2 protein chains.
Amino acid sequence: MVTLKQLAKELNVSISTVSKALNNSEEIGEETVRRVKELAQLYNYRPNKVALSLKNNKTKTIGVIIPNILNRFLAKVLFGIEREASKHGYNIITCISNESLTKEKESLQLLANGSVDGFILSVAEESQIKNEVEHFRNTITQGLPIVMFDRVAHDVLCDKVIVDDFDSTYNATKSLIEEGRKHIVFISNIYDLSVGKLREHGYNKAIIENSNLQPTVIRIKKEDDHQQEIKSLFKKNKNIDGIIAADTSSSIIAINTAVNLGLKVPKQLSIIGFASKSESDLAMPKLTTIRQHAKDIGAIAAELLIKRIQNTGPTEDVKTKIVKTTLVKNESTL
Amino acid sequence: MVTLKQLAKELNVSISTVSKALNNSEEIGEETVRRVKELAQLYNYRPNKVALSLKNNKTKTIGVIIPNILNRFLAKVLFGIEREASKHGYNIITCISNESLTKEKESLQLLANGSVDGFILSVAEESQIKNEVEHFRNTITQGLPIVMFDRVAHDVLCDKVIVDDFDSTYNATKSLIEEGRKHIVFISNIYDLSVGKLREHGYNKAIIENSNLQPTVIRIKKEDDHQQEIKSLFKKNKNIDGIIAADTSSSIIAINTAVNLGLKVPKQLSIIGFASKSESDLAMPKLTTIRQHAKDIGAIAAELLIKRIQNTGPTEDVKTKIVKTTLVKNESTL
DNA sequence: ATGAAAGCGCTAACAT
DNA sequence: ATGTTAGCGCTTTCAT
């Protein structure tokens with residue numbers, strides 16, 4: 001990489017002259033500017049990012065800590081973050097906490113050494129279960145803003161972007177009730193997470209509001225064989241006619257299992273799950289889905305963070321943005 | 001963030017004393033070391049990463065450019081890269097090219113300004129189609145090593161990690177032939193990519209080696225309705241008894257469609273596709289898969305790059321590592 | 001045992 | 001119009 005120093009030497013001028021010329025300073029003579037720019041072009045000069053960061057005490061880099069990149073929703077949010085950040089000239093450093101509290105703490109610590117200007121993160125499962133938030137608070141105290149999305153720690157004071165999880169299952173459940181379904185089951189393999197709980201509550205509320213219905217919640221452990229669990233659910237409860245699934249794979253597997261057992265979907269059984277467009281196409285009939293607008297969530301989070309980073313003024317109050325889900329009717333409901 | 005300067009001031013010693021004390025230099029007195037370390041601990045001092053990078057001319061950061069983070073295989077590779085990098089104390093800056101040549105060039109340019117010590121990337125679709133490689137060469141010439149994985153540019157001199165794509169479909173096809181299948185079709189929605197072509201060739205070779213069989217290749221465009229395309233394939237060709245799919249969604253949709261049309265899988269029809277464990281469980285019967293060991297690919301790529309970054313010695317010859325796929329028998333084959 | 005000073009690449013206030 | 005200098009935070013060589 002060429003430096004100002006080298007350019008200056010070759011042109012027989014001072015470093016600051018070169019710097020000013022490249023930054024279109026009025027101070028420098030036309031002819032000099034031309035010569036400098038020509039040589040810079042020739043050598044493909046780029047200002048050293050690290051030197052700029054040190055000088056400005058700004059890295060133009062965002063730290064993103066996500067629990068699991070193989071989760072399609074989270075991957076999609078990351079996509080949204082990257083695109084928005086890139087639009088504003090920011091890079092993203094990605095750390096994967098792998099749902100571990102320790103890794104989450106480490107990543108935060110590691111990047112809070114001047115590597116990034118702020119963080120966007122979704123809380124790891126372990127952290128949510130243990131309800132640990134001190135590491136977030138410490139980071140914020142150190143002057144590094146955090147924006148949390150989806151899985152947030154409600155008692156940490158920072159910007160947040162969340163999904164209307166409660167409402168989404170509440171409404172989805174109600175739509176099945178309106179179809180005339182009488183035995184609606186809720187399936188979840190994320191019952192430990194804040195969002196999983198909210199989704200469960202939304203379902204429960206909708207069911208309980210109809211005094212003649214009974215809530216049934218099936219919790220599937222990650223390590224269990226989903227196909228097996230769902231199959232035995234159907235075998236034990238022959239009268240199930242509706243399913244709300246809190247996660248994608250449960251809903252797709254539910255459709256496949258039902259079809260394989262000879263149940264007519266959606267004639268005898270309606271199924272709704274959280275999934276993206278491409279995922280809903282993997283099921284046949286295509287899954288009626290609750291869309292979370294993951295990319296938007298990422299973009300909003302990035303926007304919030306960048307605003308906060310660049311806002312040198314008085315500390316604004318923290319914001320919580322709610323991104324509403326959309327219920328997209330496909331073939332797995334009436 | 002506390003700096004050495006602040007610590008030095010508070011302790012009434014010089015900056016260099018503090019620096020040495022923290023780095024366990026023999027030069028500094030026991031008592032001083034103790035005092036310094038105590039205060040550093042108290043203030044939670046961390047050496048400023050940016051300053052270190054500038055000083056050492058090393059960022060301990062890897063630039064990763066992937067075409068699409070919503071592709072599960074690529075996401076998984078990213079996961080592998082992150083884990084391996086993190087093990088060696090490296091961070092990763094992720095850029096998403098979105099299959100666009102322009103974005104790929106920009107990302108490379110943008111990070112080649114001292115932000116990273118090297119790159120790991122998979123070539124964007126557009127770059128592969130247009131066969132553009134100059135930007136890779138430029139980057140390498142600038143002294144930044146590149147490791148390519150999966151979709152590689154064969155005429156760029158750099159380390160590569162690839163999958164034995166040709167062999168994997170060749171072997172998979174042969175296994176269906178050995179099952180006694182007579183009408184084996186190849187389905188692909190990645191026919192434009194280097195890996196897609198190799199997979200197609202592997203299939204063709206296996207078929208052609210059996211003079212009594214005919215190759216049939218179905219290419220599905222990304223924007224088409226996969227379910228519709230595959231359904232009409234089955235309707236037009238009633239005698240299909242084997243499918244090799246080059247991509248995950250084609251294979252899962254093929255199973256669902258077949259089951260919905262009343263075909264017995266695997267009795268009348270065997271299906272093999274590229275997919276991960278969790279994806280193969282989405283189909284019922286579970287998909288027999290070609291596993292690509294994405295995480296390993298990521299880890300190997302990271303390892304290669306880090307070695308090359310740290311190897312100040314004579315330029316070693318570039319390496320191409322081939323990660324062999326595994327054919328995992330599930331329920332969609334005999 | 002401790003400190004001063006230079007230098008990594010850059011910008012900007014301050015000379016000339 | 002051009003140059004000198006200081007400083008961002010750190011390490012390291014060279015005084016003292």
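Note that the coordinates shown come from a computational prediction; the quantities given were computed from them, not determined experimentally. Only heavy atoms go into these numbers, but all of them, side chains included; no hydrogens, no water, no symmetry mates. Residue numbers start from 1 in every chain, and the chains themselves are labelled A, B, ... in the order their sequence lines are given, proteins ahead of strands.
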**Report entry** Residue pair A:Thr139 / A:Gln142, side-chain donor-acceptor N/O under 3.5 Å
**Finding:** no

**Report entry** Pairing residues for A:Tyr90 by the side-chain hydrogen bond (donor to acceptor under 3.5 Å, both in side chains) criterion, not counting sequence neighbours
**Finding:** A:Gln310

Report summary line: Here the salt bridge (charged side-chain N to carboxylate O under 4.0 Å, His left out) pairs for residues 112-129 of chain B, sequence neighbours left out, are B:Glu125-B:Lys222, B:Glu126-B:Lys130

Mind listing the side-chain donor-acceptor pairs of residues 65-77 of chain B below 3.5 Å, one per line with the distance, residues two or more places apart or on another chain?
residue : atom : partner  : partner atom : Å
B:Asn68 : OD1  : B:Leu70  : N            : 2.7
B:Asn71 : OD1  : B:Phe73  : N            : 2.7
B:Asn71 : OD1  : B:Leu74  : N            : 3.1
B:Arg72 : NE   : B:Ser276 : OG           : 3.3
B:Arg72 : NH1  : A:Leu70  : O            : 2.8
B:Arg72 : NH2  : B:Ser278 : OG           : 3.0

Query raised in the report: How does each nucleotide of nucleotides 9-15 of chain D score, in 5' to 3' order, for protein heavy atoms under 4.0 Å: base (B), sugar-phosphate only (S), or none (-)?
Result: BBBBBB-

Report task. Figure out the NZ/P separation between A:Lys9 and D:dT2, and round it to whole Å. Result -> 21 Å

Query - Spacing of A:Leu22 atom CG relative to D:dT2 atom C1', expressed in whole Å - result: 15 Å

**Report entry** Salt-bridge criterion met for A:Glu38 and A:Arg35 (N-O under 4.0 Å)
**Finding:** no

Query raised in the report: Taking atom CG of B:Asp296 and atom NZ of B:Lys321, what is their separation to the nearest 0.5 Å?
Result: 11.5 Å

Report task. Rounded to the nearest angstrom, tell me the gap between atom CD in A:Glu30 and atom C1' in D:dT2. Result -> 16 Å

Query raised in the report: Looking at B:Ser14, does any N or O in its side chain come under 4.0 Å of the phosphate oxygens OP1/OP2 on C:dG3?
Result: yes

Query - Residue pairs, two or more places apart or on separate chains, that pass side chain to side chain donor-acceptor pair (under 3.5 Å) and touch residues 146-157 of chain B - result: B:Glu99-B:Arg151

Query raised in the report: Is the count of non-hydrogen atoms from other residues, nucleotides or ligands lying under 6.0 Å from A:Leu157 atom CG greater than 12?
Result: no

Query raised in the report: Using the C1' atoms of five pairs at each end, what's the angle between the two axes of the helix from C:dA1-D:dT16 to C:dT16-D:dA1, to 10 degrees?
Result: 60°

Query raised in the report: Taking CD1 from A:Ile28 and C1' from C:dT11, how many angstroms apart are they, rounded to a whole number?
Result: 13 Å

Query raised in the report: Using a cut-off of 4.0 Å on non-hydrogen atoms, how would the nucleic acid contact of A:Thr32 be classed: base, sugar-phosphate, or nothing?
Result: sugar-phosphate

